[in-house]
Amino acid sequence: MAETVPLLALDRVSAGYGPTRVLFDVSLEVNPGETVTLVGRNGAGRSTLVKAIAGRVARQGSIRLSGEEIGGLRAFEVARRGVAYVPENREIFADLTVEENLVLGAPVGKERGAMEGFAWSIAQSYALFPRLGERAKAPAGVLSGGEQQMLAFARALMGCPRLLLVDEPTEGLSPLMVQLIAETLVTLRDAGLSILLVEQKLDIALDIAARAYVLGHGSIVFAGSPSELRSCESIRRAWIEV
Ligand SMILES: Nc1ncnc2c1ncn2[C@@H]1O[C@H](COP(=O)(O)OP(=O)(O)OP(=O)(O)O)[C@@H](O)[C@H]1O
Ligand SMILES: [Mg+2]
């Protein structure tokens with residue numbers, strides 16, 4: 001039987017900022033169509049790991065996408081390979097309208113349709129988030145935090161990604177918005193999108209994901225199923241709960 005090639009495979013990845021090392025020999029995988037969560041305490045290095053995959057920080061070690069090395073690529077090249085990134089701070093263009101932000105996320109020229117990704121359009125963005133359709137002509141800067149998060153998601157999807165990296169999408173949102181973002185992730189997961197999710201709210205993360213990794217001080221300290229992590233109190237107490 002042929003073995004499935006992981007969509008994303010990190011092998012002993014290290015990264016940091018200048019002389020400060022933050023990640024130490026991190027290995028992890030996301031299989032095609034799988035939602036994987038990465039959890040850990042504040043400062044554990046979760047955002048740095050996602051940035052390392054997205055090409056936003058200098059990194060060593062191997063990062064493969066469907067078997068192809070992408071560890072040496074720059075951020076825009078990683079994006080062109082179909083890795084979409086919803087950053088912690090959303091990176092919305094405040095002076096552009098909602099629709100203009102979405103257009104900027106779409107592939108251009110030769111990239112258009114070149115990827116076997118998750119087909120996506122502005123109309124689908126508005127179907128998924130009706131609120132964005134209502135605010136299509138509004139400057140993105142006037143949107144609420146929750147609406148900006150919807151826009152960050154929709155813009156990432158406009159690139160027709162093979163893999164969606166999401167960094168703490170529910171942070172700072174109202175309970176209602178947290179629920180909406182969680183439901184969105186479930187919708188995307190069920191549509192077959194591959195997702196690597198950093199999420200501080202453990203229950204949400206473990207409800208959505210098929211597998212979980214725990215990052216502690218820049219190293220993977222646990223890898224397993226959500227039910228294993230739920231029942232492993234020592235790991236949770238040592239590396240997740242405050
Ligand atoms: N641009 C940067 N320059 C220098 N150090 C940084 C930078 N960004 C993060 N760090 C440091 O790297 C470590 C890991 O930060 P990171 O943002 O990856 O953690 P995290 O797990 O995402 O936590 P949180 O989201 O709660 O901040 C921290 O010690 C942080 O201070
Ligand atoms: Mg972070």
Side-chain angles (χ1 to χ4, degrees), residues 8 10-30 35-63 70-71 73-76 78-79 83-92 145-146 148-153 155-156 161 163-175 177-178 181-182 184-185 195-209 211-224 226 229 232 234-242:
L8 177 74
L10 272 62
D11 188 18
R12 282 166 290 151
V13 170
S14 298
Y17 304 93
T20 312
R21 210 166 150 198
V22 171
L23 299 177
F24 302 88
D25 290 333
V26 170
S27 298
L28 63 76
E29 290 181 355
V30 177
T35 293
V36 172
T37 191
L38 178 68
V39 294
R41 289 217 177 104
N42 293 119
R46 298 160 304 159
S47 294
T48 304
L49 182 52
V50 172
K51 286 181 197 165
I53 299 166
R56 301 273 193 116
V57 293
R59 63 279 196 222
Q60 294 84 45
S62 166
I63 304 176
I70 59 164
L73 301 185
R74 287 174 291 174
F76 79 91
V78 175
V83 178
Y85 171 48
V86 181
E88 224 171 357
N89 59 6
R90 297 166 197 151
E91 296 180 3
I92 294 301
Q148 290 192 8
Q149 190 60 270
M150 294 177 204
L151 181 54
F153 263 92
R155 191 181 57 184
L163 173 68
L164 185 67
L165 307 172
V166 193
D167 194 356
E168 295 214 44
T170 68
E171 197 186 12
L173 300 185
S174 67
M177 276 300 163
V178 168
I181 294 297
T184 300
L185 284 161
I195 303 169
L196 180 61
L197 169 69
V198 174
E199 176 54 60
Q200 186 77 5
K201 297 177 182 68
L202 191 62
D203 278 337
I204 288 182
L206 298 185
D207 279 350
I208 296 172
R211 285 191 307 114
Y213 291 92
V214 180
L215 197 64
H217 301 318
S219 298
I220 299 291
V221 293
F222 171 92
L229 184 51
C232 195
S234 57
I235 291 284
R236 282 191 284 107
R237 282 191 18 198
W239 300 108
I240 303 172
E241 287 159 8
V242 280

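Start at 1 and go down the list; that is how both ligands and their atoms are numbered.
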A.B. asks: Closest heavy-atom contact between L196 and V30?
C.D. replies: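 Here L196 and V30 meet closest at CD1-CG2, 4.2 Å.
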A.B. asks: Atom CZ of R12 and atom CD1 of I63: how far apart are they, to the nearest 0.5 Å?
C.D. replies: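 Reported value, rounded in 0.5 Å steps: 13.0 Å.
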A.B. asks: From atom 9 (C) of ligand 1, is the closest protein heavy-atom distance below 4.0 Å?
C.D. replies: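 For atom 9 (C) of ligand 1 the answer is yes, since some protein heavy atom falls inside 4.0 Å.
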A.B. asks: Please confirm whether E171 comes under 4.0 Å of ligand 1, counting heavy atoms of the residue only.
C.D. replies: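 For ligand 1, residue contact (heavy atoms, under 4.0 Å) with E171 is absent.
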A.B. asks: Give me the one residue out of L49, L215, V36 that meets side-chain contact (heavy atoms from CB on, under 4.5 Å) with L28.
C.D. replies: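 Result for side-chain contact (heavy atoms from CB on, under 4.5 Å) with L28: L49.
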A.B. asks: Is the closest heavy atom of E168 to ligand 1 under 4.0 Å?
C.D. replies: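 It does; at least one heavy atom falls under 4.0 Å.
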A.B. asks: At what distance is the nearest protein heavy atom to atom 2 (C) of ligand 1, and which residue and atom is it?
C.D. replies: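 Result for atom 2 (C) of ligand 1: Y17 CD2, 3.4 Å.
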A.B. asks: What residue and atom, counting heavy atoms only, is the protein's closest point to atom 24 (P) of ligand 1, and at what distance?
C.D. replies: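 Of the protein heavy atoms, R46 NH2, 3.4 Å lies nearest.
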A.B. asks: Considering all heavy atoms of both residues, which atom of V198 and which atom of P169 are nearest to each other, and what is their separation?
C.D. replies: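 Minimum heavy-atom contact is O-CD, 3.5 Å.
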A.B. asks: Within the 4.0 Å heavy-atom shell around G45, which atoms of ligand 1 are there?
C.D. replies: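 Answer, ordered by atom number: 14 (C), 16 (P), 18 (O), 19 (O), 20 (P), 21 (O).
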A.B. asks: Considering only non-hydrogen protein atoms, determine which one is nearest to atom 27 (O) of ligand 1 and report residue, atom name and distance to 0.1 Å.
C.D. replies: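 I find the closest protein heavy atom is G43 N, 4.1 Å.
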A.B. asks: Looking only at protein heavy atoms, which one is nearest to atom 12 (O) of ligand 1, and how far off is it?
C.D. replies: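 Among all protein heavy atoms, the one nearest atom 12 (O) of ligand 1 is V22 CG2, 3.3 Å.
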A.B. asks: Of all the heavy atoms in G40, does at least one lie under 4.0 Å from an atom in ligand 1?
C.D. replies: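 No, G40 has no heavy atom closer than 4.0 Å to ligand 1.
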A.B. asks: Would you name the N/O/S atom of E88 that lies closest to the Mg ion (ligand 2)?
C.D. replies: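 E88's closest N, O or S atom to the Mg ion (ligand 2) is named OE2.
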A.B. asks: Looking only at protein heavy atoms, which one is nearest to atom 26 (O) of ligand 1, and what is the separation?
C.D. replies: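 Minimum-distance protein heavy atom for atom 26 (O) of ligand 1 reads N42 ND2, 2.6 Å.
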A.B. asks: Need the ligand 1 atom indices (1-based, order shown) with element for anything under 4.0 Å from a heavy-atom of E88.
C.D. replies: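 Numbered from 1, ligand 1 contributes 25 (O).
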A.B. asks: Measuring to the Mg ion (ligand 2), does S47 have an N/O/S atom at a distance below 2.8 Å?
C.D. replies: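 Yes, within the cut-off.
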A.B. asks: Output yes when a side-chain donor or acceptor of Y213 lies under 3.5 Å from a complementary backbone atom of E29, and no otherwise.
C.D. replies: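 Yes, the answer is positive, given that a donor and an acceptor are paired below the 3.5 Å cut-off.
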A.B. asks: Could you tell me whether T48 approaches ligand 1 through its side chain, its backbone, both or neither, with non-hydrogen atoms closer than 4.0 Å?
C.D. replies: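 Both backbone and side chain.
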A.B. asks: Tell me whether R59 contacts the main-chain N or O of A52 through its side chain, where contact means a donor paired with an acceptor under 3.5 Å.
C.D. replies: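 Looks like yes, one N/O pair under 3.5 Å.
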A.B. asks: Is the backbone N or O of E241 less than 3.5 Å from a side-chain atom of R236, with the two atoms forming a donor-acceptor pair by type?
C.D. replies: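 No, the answer is negative, given that no donor and acceptor are paired below the 3.5 Å cut-off.
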A.B. asks: Of the backbone atoms (N, CA, C, O) and the side-chain heavy atoms from C-beta on, which set of Q200 has a member under 4.0 Å from an atom of ligand 1: side chain, backbone, both, or neither?
C.D. replies: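 Neither part.
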A.B. asks: Does T20 have a heavy atom less than 4.0 Å from any atom of ligand 1?
C.D. replies: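 For ligand 1, residue contact (heavy atoms, under 4.0 Å) with T20 is absent.
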A.B. asks: Return yes if some donor-acceptor pair links the side-chain N/O of T48 with the main-chain N/O of V22 below 3.5 Å, else return no.
C.D. replies: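 No; judged by distance alone, with no hydrogens or angles, the pair does not exist.
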A.B. asks: Any donor-acceptor pair under 3.5 Å linking the side chain of S62 with the backbone of D11?
C.D. replies: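 No.
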A.B. asks: For R21, I'd like to know if atom CZ has over 12 heavy atoms of other residues, nucleotides or ligands within 6.0 Å.
C.D. replies: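 More than 12 heavy atoms, drawn from other residues, nucleotides or ligands, come within 6.0 Å of this atom.
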A.B. asks: State the atoms of ligand 1, each with its element, that fall below the 4.0 Å cut-off from a heavy-atom position in R41.
C.D. replies: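 That gives atoms 21 (O) of ligand 1.
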A.B. asks: Could you check whether R46 pairs with E171 (Lys NZ or Arg NE/NH1/NH2 to Asp/Glu carboxylate O, under 4.0 Å)?
C.D. replies: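 Answer for the salt bridge query: no.
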A.B. asks: Show me which atoms of ligand 1 lie under 4.0 Å from any heavy atom of S47.
C.D. replies: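 Reading through ligand 1 atom by atom, the close ones are 17 (O), 18 (O), 20 (P), 22 (O), 25 (O).
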